[in-house]
There are 2 protein chains.
Amino acid sequence: MQLFYEPNITGDQFLLNEDEARHCIKVLRKKADDLINIIDGQGNFYVCEIKEAHSKKCLLAIKEKSPEEKRAYNIHLAIAPTKNIDRIEWLVEKAVEIGIDELSFVICQNSERQQLKLDRVEKKAISAMKQSLKASLPKINPITKFSDFLKADLTGQKFIGYVDSTNPLHLKEAASKNDRYHVLIGPEGDFSNTELLEAEKAGFKKISLGKSRLRTETAGLVACHILNLIND
Amino acid sequence: MQLFYEPNITGDQFLLNEDEARHCIKVLRKKADDLINIIDGQGNFYVCEIKEAHSKKCLLAIKEKSPEEKRAYNIHLAIAPTKNIDRIEWLVEKAVEIGIDELSFVICQNSERQQLKLDRVEKKAISAMKQSLKASLPKINPITKFSDFLKADLTGQKFIGYVDSTNPLHLKEAASKNDRYHVLIGPEGDFSNTELLEAEKAGFKKISLGKSRLRTETAGLVACHILNLIND
């Protein structure tokens with residue numbers, strides 16, 4: 001099934017944005033009266049009829065609207081962007097496929113990367129949402145410093161990926177079902193001791209993700225998958 | 001920790017292969033008497049002393065040998081290669097990080113890709129093994145046709161990723177601990193009905209990997225992670 005993404009839907013008729021309109025009319029050669037499937041990224045599927053089939057001005061009329069099945073839990077991944085940008089983009093694609101609600105990028109003491117083009121990240125997320133037939137786009141937060149991130153008022157279960165000799169607790173045991181989860185995953189050089197202590201003070205519990213040593217982006221995905229699995 | 005890979009270790013002294021020797025001596029500038037860490041891909045870690053520090057002929061003497069911790073289970077993933085080769089290479093990297101013992105590439109009726117350069121796949125696996133500090137390289141089998149794959153004598157629990165209305169069984173419930181697992185994951189166009197029936201005849205049980213619609217390579221990784229999780 002081909003889905004088109006239009007985040008601004010108001011009223012019974014609306015214009016499809018130009019990127020999607022061009023793809024719909026020029027590439028896929030849809031005509032007036034054809035029915036197409038739209039998602040709004042806010043949890044709704046639409047069946048729409050093409051009223052005007054222009055590649056710049058594609059007018060659609062809503063025929064049906066149906067909400068996506070709501071999940072009883074919410075996954076927020078906060079991760080240090082990797083040095084190699086492809087790895088973060090890959091993570092975003094896979095996390096959206098598997099299921100994620102919110103993404104934060106956090107700059108840590110050992111972060112090699114301090115900046116991130118969020119529009120590229122969002123594009124990856126949109127394309128993965130369409131490809132996996134979902135209707136909800138995860139919230140992607142502006143990049144923040146670690147200490148600022150900890151100041152946010154986060155309700156729910158809070159975890160930080162960090163394994164040491166005093167910490168054998170696996171996320172699959174630490175997390176309980178049907179809740180809001182916030183998981184912090186550190187950079188290639190890991191969290192500093194200061195960061196770890198600050199996070200613990202802010203209510204983050206240290207968790208392990210298994211016996212294997214994982215790259216940053218793999219750890220992020222694995223955390224996301226574990227939380228989906230215990231709820232699925 | 002930096003690991004070097006040498007699959008052919010016999011006796012107390014041995015020559016490091018030229019690729020690794022060049023990296024060790026030319027790039028990292030290791031000298032005679034330096035200690036370096038070697039893995040053989042067969043489950044062993046070695047500490048070796050450099051006897052002769054030449055970038056083509058790097059002679060090493062074994063100082064210590066220690067086996068990797070053995071896992072009580074064995075994961076064999078059999079997957080249709082994706083059209084885009086990067087996606088398979090990505091899967092190999094991530095599966096090795098998370099833990100996998102054997103990989104087969106299976107050509108299905110709906111496969112768009114019929115060939116695969118196994119040396120590239122092996123290189124990815126070696127690099128992921130070194131990066132994640134493991135000592136075992138998964139067995140990578142030659143590419144086979146689906147029907148030939150089913151003829152192999154596979155002992156253990158056999159699963160095929162396929163969801164239909166009669167099949168709500170999740171892999172996390174279907175698989176039991178401490179066993180050998182074989183998981184079949186289909187191509188972008190999924191398995192054909194004939195293939196599905198043949199697989200069921202050969203003892204493969206249909207399983208779901210969760211509610212989300214996953215790409216081939218994501219399904220492969222998710223299956224691998226679930227089997228690690230229920231055993232971890």
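Numbers restart at 1 for each chain; the letters A, B, ... are given by sequence-line order, proteins then strands.
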Please say whether more than 12 non-hydrogen atoms of neighbouring residues, nucleotides or ligands are located less than 6.0 Å from CD in A/Q114. yes
Would you mind reporting whether A/T218 and B/E93 have side-chain heavy atoms less than 4.5 Å apart? no
One should read off an interatomic distance between B/H225 NE2 and A/L221 CG, to the nearest 0.5 angstrom, of 8.5 Å
Please flag which part of B/K172 lies under 4.5 Å from any non-hydrogen atom of chain A: side chain, backbone, both or neither. side chain
Using a 4.5 Å cut-off on heavy atoms from C-beta on, say whether the side chain of A/K211 contacts that of B/N228. no
Would you name the heavy atoms of A/K134 and B/S212 that are closest together and state the gap between them? NZ-OG, 2.7 Å
Near B/Q2 CD, under 6.0 Å, is it more than 12 heavy atoms from other residues, nucleotides or ligands? yes
So which atom in B/E97 and which in A/R215 form the shortest heavy-atom distance, rounded to 0.1 Å? OE1-N, 2.9 Å
Verify the neighbour count for atom CG of A/N178: are there more than 12 heavy atoms of other residues, nucleotides or ligands below 6.0 Å? yes
Measure the spacing between CG of B/L214 and CD of A/Q131 and express it to the nearest 0.5 Å. 9.5 Å
Contact origin within B/E69 toward chain A - heavy atom pairs under 4.5 Å: side chain
Can you say whether B/R71 sits under 4.5 Å from chain A via the side chain, the backbone, both, or neither, judging by heavy atoms? neither
